[in-house]
Number of protein chains: 2
Amino acid sequence: MSEAITQSIQDYLKHIYELNEYGGSASTNDLAARLNIAPASVTGMLQKLASTKSPLVIYKKHQGATLTKNGEKAALEVIRHHRLLETFLVNTLGYSWDEVHHEADKLEHVISEDFEARMAEALGHPTRDPHGELIPTADLTMPADESCPLASLRTDETATVRRVSDDDPALLRHLREIGVVPEVKIVVKNYSAFDGNLTIKVEGQKANIVLGTAVTSQVFVDK
Amino acid sequence: MSEAITQSIQDYLKHIYELNEYGGSASTNDLAARLNIAPASVTGMLQKLASTKSPLVIYKKHQGATLTKNGEKAALEVIRHHRLLETFLVNTLGYSWDEVHHEADKLEHVISEDFEARMAEALGHPTRDPHGELIPTADLTMPADESCPLASLRTDETATVRRVSDDDPALLRHLREIGVVPEVKIVVKNYSAFDGNLTIKVEGQKANIVLGTAVTSQVFVDK
DNA sequence: AAATAAATTTAGTCTCACCTAAATTTATTT
DNA sequence: AAATAAATTTAGGTGAGACTAAATTTATTT
Ligand SMILES: [Mn+2]
Ligand SMILES: [Mn+2]
Ligand SMILES: [Mn+2]
Ligand SMILES: [Mn+2]
């Protein structure tokens, strides 16, 4: 009778995983912000998750949270569900890429392993979701990602868009509009040291476009 | 800020609706059995559901529960989700008809109205699910059903299978095996007054088969 | 019409996952 | 090194939705 991994816990694990990808451990406040939960509540949950026989989380007071091997597997399971669902919604039900995140956020906790397998099969075992994000494999390994923020490019550099953040529908609609989507090639025409603005030429688009850091920090490219 | 219709409440409403279809009001014990919840807990929930400003349920002590107009709409919403999902899982993801009920029972509470609409569209607005059960319309009306239990037929009567109960996977596999599926024609060869057994000939099958009431009470036909 | 059985309700608890307010600890300035 | 600010934890609740045990009401027998 190992502790059940509730929907709530799945959300904690998923967000701890994503925060861990950036800097080291996930802080109470960052988690609280992402989960839309009071920091005090996060502390409570982290204490609980770290104090079972085989814990999902490693947590030391004032030092944030990290995942154990088990916790990471559970997180990758949820992330695989999420990204396969997004792909399925776009490919099979005709959703646009700005509509799928919210729906996937609910469904990811509810589908069976059978449903996951059938989706993967029907989609031809995709490796990336509609936003270019990598889909963990069926055995729960996260493929390596080499991409870097568009914001880190400078004048005359050339790159291929690999993925974009998927949680802001307005941003996604804008990116679609200007043609900044995965696999598209771009060239940086100018970098402004003041505001961090990048002027870029997007493959297949006539005019150059100027993007602020609010955009360029959310788009990831391979040089 | 009208009271939220939680997943729990949706399940209560769905089962009250289904029990109301048979006899009059849904008893505490019947609901408890269907929901796998202690009778005392059901009493508590019914009291709560019946005591809001615009209640979903009509409940009088010791007399079971009935749905209000609002309660019925909410129930039909869930049932529409359930049956569209079952159809979708079979038609689009290749599930067999004995596997879908459990999956749909979880998904029905989670999908959006947009998801519902896209499924209906993709499926060509079906009127029945894989078990032949009627799908409530988009404006939440339940079409009339004329079918009667196979158990009520007698020797020499002829009928068309319309629908079968969908909650017992073993029964569904057996029915598939013997060819008793929606739209198939059957003839009653013999009725045994003792045990209620029916001997029937199924269209397209070589040999006659004998069915007990455990089966014939779960299969519904049009004469 | 009692007696018994079955169904239902009441009363009192429990767990989960949140919350707010106050205290504490750590980090950043001056 | 204080002082201040920010992050985090502790303490004490809450509400939803379940449970068990006991009391009550209704239904069925004899
Ligand atoms: Mn997403
Ligand atoms: Mn995505
Ligand atoms: Mn079903
Ligand atoms: Mn069905």
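Chain A is the first sequence line, chain B the second, and so forth, proteins listed ahead of strands; every chain is numbered from 1.
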Worksheet item: When you measure from the centre of the six-membered ring of F220(B), is the NZ or CZ of R163(B) under 6.0 Å away and within 45° of the axis?
Response: yes
Worksheet item: Which whole-number value in Å describes the distance from K60(B) NZ to dT25(D) C1'?
Response: 17 Å
Discussion item. Below the 4.0 Å mark, does dA7(D) have OP1 or OP2 next to a side-chain nitrogen or oxygen of S27(A)?
Written reply: no
Practice prompt. Tell me the partner of dT29(C), counting only Watson-Crick (N1-N3 plus N6-O4 or O6-N4) or G-U wobble (N1-O2 and O6-N3) with both under 3.5 Å; none if nothing fits.
Written response: dA2(D)
Item to complete: With salt bridge (charged side-chain N to carboxylate O under 4.0 Å, His left out) as the test, would you mind laying out the steps for K53(B) and E3(B) before giving the verdict?
Response: CA-CA 9 Å; K53(B) 336 80 218 289; E3(B) 316 289 331; 3.3 Å; yes
Fill in: Proximal nucleotide (of dT9(D), dC18(C), dG17(D)) relative to the Y12(A) side chain
dC18(C)
Worksheet item: To the nearest angstrom, how far is L31(B) atom CG from dA7(C) atom C1'?
Response: 13 Å
Worksheet item: Just how far, in rounded Å, is P of dG15(D) from NZ of K48(B)?
Response: 12 Å
Fill in: Minimum heavy-atom distance L31(B)-Y12(B), with the two atoms named
CD2-O, 4.3 Å
Worksheet item: Rounded to whole angstroms, how far apart are CG on D11(A) and C1' on dC16(C)?
Response: 15 Å
Worksheet item: More than 12 heavy atoms of other residues, nucleotides or ligands under 6.0 Å from NE2 of H125(B): is that the case?
Response: yes
Discussion item. If the cut-off is 4.0 Å, is S8(A) near the phosphate of dC16(C), judged by side-chain N/O to OP1 or OP2?
Written reply: no
Item to complete: Using whole Å, report how far NE2 of H62(A) lies from P of dA23(C).
Response: 16 Å
Item to complete: Whole angstrom is fine here: how far is it from CD1 in I37(B) over to P in dG17(D)?
Response: 10 Å
Practice prompt. Report yes if a side-chain nitrogen or oxygen of N29(A) is closer than 4.0 Å to either non-bridging phosphate oxygen (OP1 or OP2) of dA6(D); otherwise report no.
Written response: no
Fill in: Counter-base of dA7(D), judged by Watson-Crick or G-U geometry with both distances under 3.5 Å
dT24(C)
Fill in: Sugar-phosphate, base or nothing in reach of S41(A), heavy atoms under 4.0 Å
base
Practice prompt. Write down the partner of dC18(C) under the Watson-Crick or G-U wobble criteria, each distance required to be under 3.5 Å.
Written response: dG13(D)
Fill in: Gap between atoms CD1 and P, on I5(A) and dA17(C) respectively (whole Å)
12 Å
Worksheet entry | Nearest-neighbour nucleotide for the A40(B) side chain, dA18(D), dA11(C), dT9(D) considered | dA11(C)
Discussion item. In this structure, how many angstroms lie between the C1' atom of dC16(C) and the CD atom of Q47(A), rounded?
Written reply: 15 Å
Worksheet entry | 5' precedence on DNA chain C between Y59(B) and K61(A) (nearest-nucleotide basis) | Y59(B)
Discussion item. Does T43(A) reach a base, just sugar-phosphate, or nothing at all? Heavy atoms under 4.0 Å.
Written reply: base
Fill in: Passing candidate, side chain to side chain contact (heavy atoms under 4.5 Å, CB included) with V100(B), options L89(B), L85(B), D129(B), T87(B)
L89(B)
